[in-house]
Amino acid sequence: MKLALIGFGQAGGKIVDEFLAYDSAIDNSFVEAAIAVNSATTDLQGLDRVPQKNRVLIGQARVKGHGVGADNELGAEVTEADIDEIQGAIDRIQVHEIDAFLIVSGMGGGTGSGGAPVLAQHLKRIYTEPVYGLGILPGTDEGGIYTLNAARSFKTFVHEVDNLLVFDNDAWRSAGESVGSGYDRINREIVERFGLLFAAGEVGHGDHVAESVVDSSEIINTLGNGNGNGISTIGYASEVVEPESDGLLSSFRSETEFDEGTATNRMTSLVRKATLGRLTLPADAASADRGLVVATGPPEHLNRKGVERGRQWLEDETGSMEIRGGDYPLPGEDEVGAIVLLSGVTDVPRIDQLQQVAIEAQETTENVRARAQDDFASLVDTGGELDALF
Ligand SMILES: Nc1nc2c(ncn2[C@@H]2O[C@H](COP(=O)(O)OP(=O)(O)OP(=O)(O)O)[C@@H](O)[C@H]2O)c(=O)[nH]1
Ligand SMILES: [Mg+2]
């Protein structure tokens with residue numbers, strides 16, 4: 001699946017950088033174009049792979065290249081003001097070559113949190129290609145302002161994009177890890193999952209004739225095209241396999257049949273593990289509206305029956321009639337894996353928690369404002385009494 005990636009803010013830029021590294025390592029090229037947008041000069045300079053001309057600095061007139069300091073309203077304002085600068089970089093993309101836009105952004109800060117939804121709305125207005133978001137939720141230990149930004153941005157972002165893919169830092173942090181090395185590891189986890197999914201839709205059909213190769217249209221149909229398709233989460237599980245034995249034994253029919261059964265059972269169990277294990281955004285799989293199962297690995301270890309069984313299991317698990325399945329053959333690899341994309345999930349504790357935070361913050365703001373008005377009124381009253389005395 002060919003994508004134009006746009007990283008918004010620091011997390012967004014770093015993750016797009018990581019996507020580029022992954023894309024060149026697997027020699028697949030699902031990344032058609034990569035752009036980074038930020039209000040902080042140093043963040044843009046810190047990137048390794050995004051081409052210099054595709055690094056767009058916004059908000060210079062307001063914040064002079066110093067970032068917006070977690071003020072996401074300011075992030076949204078400078079994005080609106082400088083949308084032409086971003087469009088200038090997008091104008092260089094061969095949009096007819098891409099299947100979709102993907103806007104990547106941390107949701108807890110200011111620039112990406114405020115700006116990503118503004119850009120999504122702009123792209124939706126101009127292009128017919130789907131616009132997807134990849135939103136990174138902050139850790140719960142980052143503090144109130146980050147949670148509040150994420151709560152507000154999430155609501156707008158999910159509304160503007162065709163589908164919001166979500167990764168929750170909170171579910172993936174490990175104790176005792178420094179923030180920097182923690183993010184490097186987490187960013188690789190993010191790219192391994194979402195990259196594998198997007199790469200899967202980009203197998204040239206002439207390259208390797210698999211039984212049922214996943215097509216980009218299957219990914220798009222699972223994610224949905226048109227606003228309001230909700231949010232998605234991804235599960236992934238893999239297992240090391242023996243390399244292909246090309247000795248005499250493999251020509252015996254009994255061995256072939258044994259392999260078939262093993263491959264089928266392995267794939268069914270990997271699909272279960274991927275779905276019920278740690279998702280990029282923890283959610284109840286049963287609440288998914290649509291799903292996609294992708295079997296990856298060396299073609300001699302993939303079979304149609306394995307994907308079909310896995311797909312059927314997911315159908316039972318979700319009660320959805322819209323579960324798709326297919327292969328992503330990777331000749332020469334030593335791992336067989338299953339990627340499970342769950343789309344339109346509604347039972348997500350972390351999102352309920354964010355919504356609650358937003359509601360409470362709104363109430364607190366109103367209470368504080370009301371109390372301040374009361375205090376001011378009584379101060380003025382007292383002032384009046386004092387005036388009368390003298
Ligand atoms: N997974 C991941 N998350 C990150 C990374 N860097 C930051 N974050 C998360 O993203 C959120 C937003 O941080 P930034 O991306 O720095 O924010 P920004 O969009 O640049 O906005 P400002 O710095 O406020 O202008 C943080 O709350 C973190 O949760 C990263 O490298 N990887
Ligand atoms: Mg920043």
Side-chain angles (χ1 to χ4, degrees), residues 5-22 35-50 55-60 62-79 81-82 86 103-120 133-154 156-157 165-174 177-195 233-234 278 280-281 350 354 357:
L5 297 179
I6 303 159
F8 221 117
Q10 190 175 18
K14 276 160 63 188
I15 293 165
V16 165
D17 236 19
E18 198 63 43
F19 266 117
L20 286 171
Y22 180 83
I35 293 170
V37 184
N38 210 316
S39 60
T41 318
T42 46
D43 288 354
L44 287 177
Q45 283 167 346
L47 300 173
D48 292 324
R49 289 186 155 80
V50 174
R55 301 180 189 184
V56 183
L57 182 68
I58 55 167
Q60 217 172 348
R62 295 279 294 273
V63 302
K64 316 260 180 284
H66 296 308
V68 299
D71 178 346
N72 79 346
E73 280 176 27
L74 184 54
E77 281 170 28
V78 300
T79 304
D82 287 349
I86 307 174
I103 305 174
V104 188
S105 169
M107 311 205 66
T111 307
S113 163
V118 172
L119 177 61
L134 172 51
I136 315 296
L137 297 180
T140 44
D141 56 354
E142 282 186 58
I145 180 74
Y146 289 88
T147 308
L148 189 54
N149 281 344
R152 288 184 175 147
S153 175
F154 186 88
T156 332
F157 205 17
L165 302 148
V166 188
F167 184 94
D168 186 4
N169 278 346
D170 203 53
W172 287 79
R173 70 203 164 119
S174 359
E177 216 173 19
S178 77
V179 175
S181 70
Y183 280 151
D184 288 346
R185 178 187 58 82
I186 285 178
N187 293 351
R188 283 193 298 272
E189 305 261 23
I190 293 173
V191 163
E192 181 175 28
R193 283 163 181 75
F194 293 99
T233 181
I234 285 187
R278 184 159 46 160
T280 57
L281 173 69
R350 184 80 161 98
L354 282 180
V357 167

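Indexing begins at 1, ligand by ligand and atom by atom, following the structure's order. We count residues from 1, following the sequence as given. Just so you know, these numbers use all the heavy atoms, side chains as well, and skip hydrogens, waters and symmetry mates. Everything numeric in this text was worked out from a predicted model, so none of it was measured.
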Protein heavy atom at shortest distance from atom 30 (C) of ligand 1: Tyr183 CG, 3.4 Å
Element-labelled atoms of ligand 1 that are located less than 4.0 Å from some non-hydrogen atom of Val68: 25 (O)
Atom indices of ligand 1 within 4.0 angstrom of Gly106 heavy atoms, with elements: 10 (O)
Ile136: numbered ligand 1 atoms lying under 4.0 Å from its heavy atoms: 1 (N), 3 (N)
Note, Asn169 side chain near Tyr183 side chain (heavy atom, < 4.5 Å): yes
Nearest-neighbour protein heavy atom for atom 17 (O) of ligand 1, which is reported as residue plus atom name and distance: Gly109 CA, 3.7 Å
Nitrogen or oxygen atoms of Ala70 and ligand 1 under 3.5 Å apart: yes
Atom indices of ligand 1, in the order listed, that fall short of 4.0 Å to a heavy atom of Tyr146: 27 (O)
Nearest protein heavy atom with distance in Å, relative to atom 20 (O) of ligand 1: Gln10 N, 2.9 Å
Full working for salt bridge (charged side-chain N to carboxylate O under 4.0 Å, His left out) between Glu189 and Arg185: CA-CA 6 Å; Glu189 305 261 23; Arg185 178 187 58 82; 3.5 Å; yes
Per-atom contacts of ligand 1 with Glu142, taking only distances under 4.0 Å to non-hydrogen atoms: 26 (C), 27 (O), 28 (C), 29 (O)
Electrostatic pair Glu192-Arg188, nearest N-O below 4.0 angstrom: no
Atoms of ligand 1 close to Gly112 [distance to a heavy atom under 4.0 angstrom, numbered from 1]: 19 (O)
Numbering as shown, the atoms of ligand 1 that approach Gly69 to under 4.0 Å (heavy-atom distance): 24 (O), 25 (O)
Heteroatom proximity flag, Ala11 to ligand 1, N/O under 3.5 Å: yes
Qualifying residue, where the test is side chain to side chain contact (heavy atoms under 4.5 Å, CB included) with Ile35 and the options are Leu5, Ile6, Val16, Val50: Ile6
Nearest neighbour in protein (non-hydrogen) for atom 1 (N) of ligand 1: Asn169 OD1, 3.0 Å
Heavy-atom nearest neighbour in the protein, as seen from atom 32 (N) of ligand 1, with distance rounded to 0.1 Å: Asn187 OD1, 2.7 Å
N or O pair under 3.5 Å between Asp71 and ligand 1: no
Is_contact(atom 23 (O) of ligand 1), protein non-hydrogen, under 4.0 Å: no
Where ligand 1 meets Lys14 - atom numbers and elements under 4.0 angstrom, heavy-atom basis: 6 (N), 30 (C), 31 (O)
Asn149 near ligand 1 by a heavy-atom separation under 4.0 Å: no
